[in-house]
Structures are given as C-alpha cells and as structure tokens.
Protein chains: 2
Amino acid sequence: MRRADFKRKTRVIVVDDNYDHASGIRELINLEQDYEVIANAGNVDVAISLIKKYQPDIVLMDINMPETDGITAISEIEKLGLKTRIIALTGYDEADLIYRAMKIGAKGYILKTMASAQLIRALDEVSMGKIYLPSVLCSKFFEYFQAAEKNEKAYNAADDEENLLNYLTNREEEVLGLLTEGITYKGVAQQLFISETTVKTHVNNIFQKLQVNDRTQAVLYAINKGFSSRKKAKIA
Amino acid sequence: MRRADFKRKTRVIVVDDNYDHASGIRELINLEQDYEVIANAGNVDVAISLIKKYQPDIVLMDINMPETDGITAISEIEKLGLKTRIIALTGYDEADLIYRAMKIGAKGYILKTMASAQLIRALDEVSMGKIYLPSVLCSKFFEYFQAAEKNEKAYNAADDEENLLNYLTNREEEVLGLLTEGITYKGVAQQLFISETTVKTHVNNIFQKLQVNDRTQAVLYAINKGFSSRKKAKIA
DNA sequence: CTTGCTCTAAATCTTTAGATCTAGTACTTA
DNA sequence: TAAGTACTAGATCTAAAGATTTAGAGCAAG
C-alpha cells in the first residue's frame with residue numbers, strides 16, 4: 001500500500017460489545033504492520049463520538065449488539081459523510097442482514113466464524129477502496145436482493161389483470177398524467193388543446209374506470225400502481 | 001451434482017450474435033460431461049422461442065448485441081417464470097450493466113475475457129442454485145448499487161432543511177395524512193372531531209407552508225418527500 | 001352498413017375546495 | 001404579564017370540481 005511509504009498506518013476502530021472479542025480482534029490486527037487499532041467501543045454512542053473525533057480509515061462494526069442495532073449504527077455513521085469505511089461483522093449470515101448492511105453503505109461483511117486471514121484480507125481490500133464480500137455471503141445478498149426487486153415489481157405492476165389503469169384509453173392516460181402533476185381542468189384543457197368540458201368528461205370516465213370519486217384518489221391510485229414510472233419509461 | 005446420477009446433463013442454451021464466439025463456447029461446454037449445449041441463438045427473438053420450447057436449465061446470454069439489448073432480453077425471459085437460470089456474458093465490466101443484469105434476475109455475470117475455467121465454474125455454481133459473481137465484478141456492482149441507494153435517499157429525504165414538511169405542526173400533519181388518503185374536508189372533520197371550517201383553516205396553512213395551491217399538489221409533495229413512509233414508521 | 005368505441009363538447013346543476021378575515025382559548029416562554 | 005404559537009371556528013365569498021345527460025364526428029370491425 002502506498003500509505004506505508006509514509007509510515008502512516010491504516011487506522012481502525014473496533015466496535016463490539018463483547019470485550020474479549022474486541023480485544024482478540026485488536027491483537028490480531030496489531031500484528032499487521034499496515035494497521036493499527038486506535039480505539040475500541042463497547043456501544044454505539046461511544047463508537048460514534050470516537051469516530052467523529054478520530055475519523056478512522058476503517059470501522060469494524062459488530063452487527064448483533066443488544067442495545068442499538070448495528071444496522072442503524074452504520075446508517076448513522078454514513079450520515080456523517082466521512083471517508084471512514086465500514087466493515088460489518090456478525091455471527092450470522094442471514095440474507096436480510098447482509099442486504100441491509102450493504103444497502104446503507106457497508107464496504108464489507110465478514111462472519112466471526114471465518115478465519116482470521118479473511119479479516120486481514122477484508123481490511124486490505126476495503127482500505128484500497130474495494131468491496132469485500134466472500135462469495136457465500138455474496139450469494140446470500142443476491143438471494144435477498146433479487147427477491148426484493150421481484151416483490152417491488154409485482155407490487156407496482158399489480159398483475160396487470162387487476163390494474164384498472166389498463167382500461168384507460170390513450171387520451172385518458174394523458175389526462176390522468178396531467179392530473180398527477182397537480183394541474184387544474186383549465187390547465188389540462190390548455191395543454192391538450194381541448195375544451196374544459198371535454199377534460200371533465202375524460203376525468204369522469206377515468207373516475208368510473210378507476211372506481212374513485214375525485215382527482216386526489218385517482219392520483220393516489222395511479223401512483224400506487226406505478227403509473228408515473230410507466231409514463232417516465234415511455235418518455236425516456 | 002445429483003442430476004448426474006440420472007445421467008441427465010444440465011442443458012444450456014447459448015445466445016450470442018457472434019457465431020464464432022457462440023461456437024467456441026459450445027465446444028468448450030460440450031467438453032464437460034455434466035453439460036450439453038442444446039441450442040444456439042443469434043438473436044433475442046429466436047432465443048426466447050427456443051427457451052420457451054426447451055426450457056433449458058441455464059441460458060448464457062450475451063449482453064452487447066446490436067438489435068435488442070440483452071438486458072431487456074433477460075427481463076423478458078424472467079417474465080416467463082421458468083426455472084431457467086440466466087448467466088450474463090459481456091465484454092465490458094461496466095458497473096451499471098452488471099447492476100441492471102443482476103437486478104432483473106441474472107444468476108451470474110462473467111466477462112468474455114475471463115478464462116474458460118471461469119465459465120465452467122459459473123455453470124457449476126449457478127446450476128446448484130447459487131449466484132456466481134467474480135469479486136471484481138462484485139465490487140463493481142456494489143459501487144453502482146450503493147450510489148443508487150444513496151441518490152434515492154437524498155431524493156426522498158431532501159436534506160431535511162429543504163423539506164417543507166418539517167414546518168408543519170402535529171395537527172397539520174394529521175390533516176395532511178388524511179388528505180393523502182383522498183378524504184374530503186367533511187371526512188377529515190369527522191375523523192378528527194373538529195369542524196369543517198377548522199379543517200379548511202389547517203389545510204390553508206398547509207398550503208402556505210408547502211407553497212402549493214391545492215390538495216392534489218400537497219399530496220404529491222408529501223408523497224415525494226417521503227411523508228407517507230414517515231407516517232408508517234411512526235405507527236409501526 | 002350498422003354497431004361500437006373514442007374523442008370531442010355543450011348545458012345544467014350541486015357540491016367541494018379554497019381565499020380571506022376575524023377571533024376566542026390555551027399553553028409556553030421571555 | 002405580555003408576546004408568541006397552536007388549535008379552534010365562525011362568516012363570506014369565488015372558483016373549481018364533479019355528476020349527469022345529450023350528441024356529433026371519425027374510425028374500425030363485423
């Protein structure tokens with residue numbers, strides 16, 4: 001690493017409520033000449049103030065602590081906007097934990113059960129700006145990620161059959177599109193070069209088809225069924 | 001693999017517009033006793049009809065084809081809801097391509113420049129139901145993924161300072177909450193046990209604070225700024 | 001060539017919505 | 001105690017929104 005040229009070690013803070021475990025990690029890391037553990041923290045509040053003060057290069061964050069959960073902690077730290085990179089550390093390889101940690105900005109994820117060499121490798125990779133996620137955990141992540149994306153799609157598309165938006169005519173879609181921008185009848189009429197009465201007719205037909213009573217409900221229905229995103233897709 | 005017990009090879013379809021390259025892959029795969037390439041497709045339309053007909057175990061999909069783009073193709077295939085697993089294959093390691101491919105359900109991603117052993121390993125992993133993403137590509141993915149998540153957050157939260165929702169009083173938040181459900185003044189009045197006039201007063205104050213002219217715009221503002229999700233979070 | 005759908009638009013009416021101003025009560029803070 | 005803020009609510013308008021009915025023009029399919 002280039003930093004070693006300046007004899008500046010990569011500074012690490014370890015956050016773990018288990019003192020013995022934290023000490024173990026400290027010993028392990030301090031054996032490496034490129035790294036030094038500059039502080040330990042037994043809970044999230046202490047951790048955050050230490051991180052603010054010392055702005056370490058890397059934080060090793062235990063995820064399963066009793067009081068505050070580590071996920072929230074990572075989120076808090078990321079909000080600080082420092083260059084500090086976070087590696088999550090847990091005993092479990094649950095897909096949703098991995099997903100959430102990586103989603104909010106963790107740069108690596110390792111299991112406590114993994115060999116100590118893995119820890120050092122994670123430090124090496126992450127300190128160089130890379131992501132470190134062992135392939136097993138990577139699989140877990142994608143398991144969750146792809147399921148989440150699938151659900152979101154299903155939610156937005158809502159099975160096409162039950163999506164009342166599909167019964168709208170082209171013109172009605174256009175009108176609804178303008179309604180979802182918060183435009184008045186008069187405004188819609190001007191934009192589409194039709195009379196206000198015609199707009200009212202269309203809007204009434206839309207209400208019938210979407211089974212709602214007013215524009216606000218229509219707009220809400222449209223948004224929930226992914227209307228706006230579909231529109232954007234069409235334009236783009 | 002268990003399938004080998006029944007002497008049933010894992011069936012692969014290769015989709016690549018470059019015939020020479022497709023042939024090369026075919027040769028390579030057919031050297032393995034656990035796999036057989038049952039078809040080649042030079043374009044997406046042919047590919048989809050072949051996949052429908054033969055329902056292969058794995059599809060090797062070239063992403064950078066001239067006519068239809070491979071990403072859309074993957075999406076189409078996933079929509080079929082088969083057990084077929086897709087491995088993306090490209091010449092480039094662009095973060096957004098990897099992100100998009102994995103997002104829509106690809107089970108693996110490999111570069112054409114990678115050693116042939118990688119291809120076989122990918123087949124092995126994916127056919128066992130795992131994800132195959134070499135660590136370099138994994139890093140690329142997360143680079144894009146975390147940036148995307150960060151942007152979305154920034155868009156939704158809108159920096160608190162500029163989020164006009166923060167200027168609303170508790171009562172006004174309640175009223176706005178009901179407006180976002182498409183309820184009339186009268187309805188809001190009944191639910192909150194106050195007069196309709198009072199509701200109008202609140203709503204007017206909301207309009208002032210959010211700098212909008214009517215309820216539809218207020219609701220849209222609220223939704224875009226993550227109002228509903230905040231409400232849900234409070235309830236839960 | 002007739003049936004049906006889409007888009008257009010008028011007339012008429014009732015109901016909400018929204019703007020504005022005033023004002024009382026209650027609670028907090030300087 | 002006086003000033004400030006939140007919540008309440010009245011009166012009085014005007015402007016939109018929405019319901020309903022009727023109807024003509026254009027176009028596609030049977």
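Numbers restart at 1 for each chain; the letters A, B, ... are given by sequence-line order, proteins then strands.
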task: Would you tell me if any nitrogen or oxygen in the side chain of A:K200 comes within less than 4.0 Å of OP1 or OP2 on D:dA19?
output: no

query: Under 4.0 angstrom, heavy atoms only, what part of the nucleic acid is A:T197 near: base, sugar-phosphate, or nothing?
result: base

- prompt: Are a donor atom and an acceptor atom from the side chains of A:T198 and A:S195 found within less than 3.5 Å of each other?
  reply: yes

query: Can a side chain N or O of A:H202 be found less than 4.0 Å away from OP1 or OP2 on C:dC7?
result: no

query: 5'-most contact on DNA chain D: B:K209 or B:I194, nearest heavy atom basis?
result: B:K209

field: 5'-most by nearest nucleotide on DNA chain C - B:V212 or A:T169
entry: A:T169

- line: Of the candidates C:dA17, D:dG18, D:dT8, the side chain of B:Y185 sits closest to C:dA17

- prompt: In whole angstrom, what separates A:K186's NZ from D:dT14's P?
  reply: 15 Å

- prompt: Whole Å only: how far is the CD atom of A:E196 from the P atom of C:dA9?
  reply: 12 Å

A:N204 vs D:dG18: side-chain N/O to OP1/OP2 distance below 4.0 Å: no

- prompt: What is the distance from CG of B:D214 to P of C:dA19, rounded to the nearest Å?
  reply: 8 Å

message: Rounded to whole Å, how long is the line connecting atom CZ of A:F207 with atom C1' of D:dT20?
response: 14 Å

N/O (side chain, B:S195) to phosphate O (OP1/OP2, D:dT8) under 4.0 Å: no

- prompt: Between C:dA17 atom P and A:L179 atom CG, what is the distance in whole Å?
  reply: 15 Å

A:F141 and B:F142 aromatic centres sub-6.0 Å: yes

message: For a quick test of reading the model: is some side-chain N or O of B:T198 closer than 4.0 Å to OP1 or OP2 of D:dA9?
response: yes

message: From CG of B:L168 over to C1' of D:dA6, roughly how many Å is that when rounded to an integer?
response: 13 Å

task: Kindly say whether B:E36 contributes a backbone atom to a donor-acceptor pair with the side chain of B:K9 at under 3.5 angstrom?
output: no

task: Please check the phosphate of C:dT15 (OP1 and OP2 only) for any side-chain N or O of B:T184 closer than 4.0 Å.
output: no

- prompt: Do A:K83 and A:D57 have side chains that get closer than 4.5 Å, going by heavy atoms?
  reply: no

message: In this structure, how many angstroms lie between the C1' atom of C:dC5 and the CD atom of A:E172, rounded?
response: 11 Å

query: Can a side chain N or O of B:R171 be found less than 4.0 Å away from OP1 or OP2 on D:dC7?
result: no

For atom CG of A:N205 and atom C1' of C:dC5, their distance in whole Å: 12 Å

message: Parallel, tilted or perpendicular: which one describes the rings of A:F145 and B:F145, with boundaries at 30° and 60°?
response: perpendicular

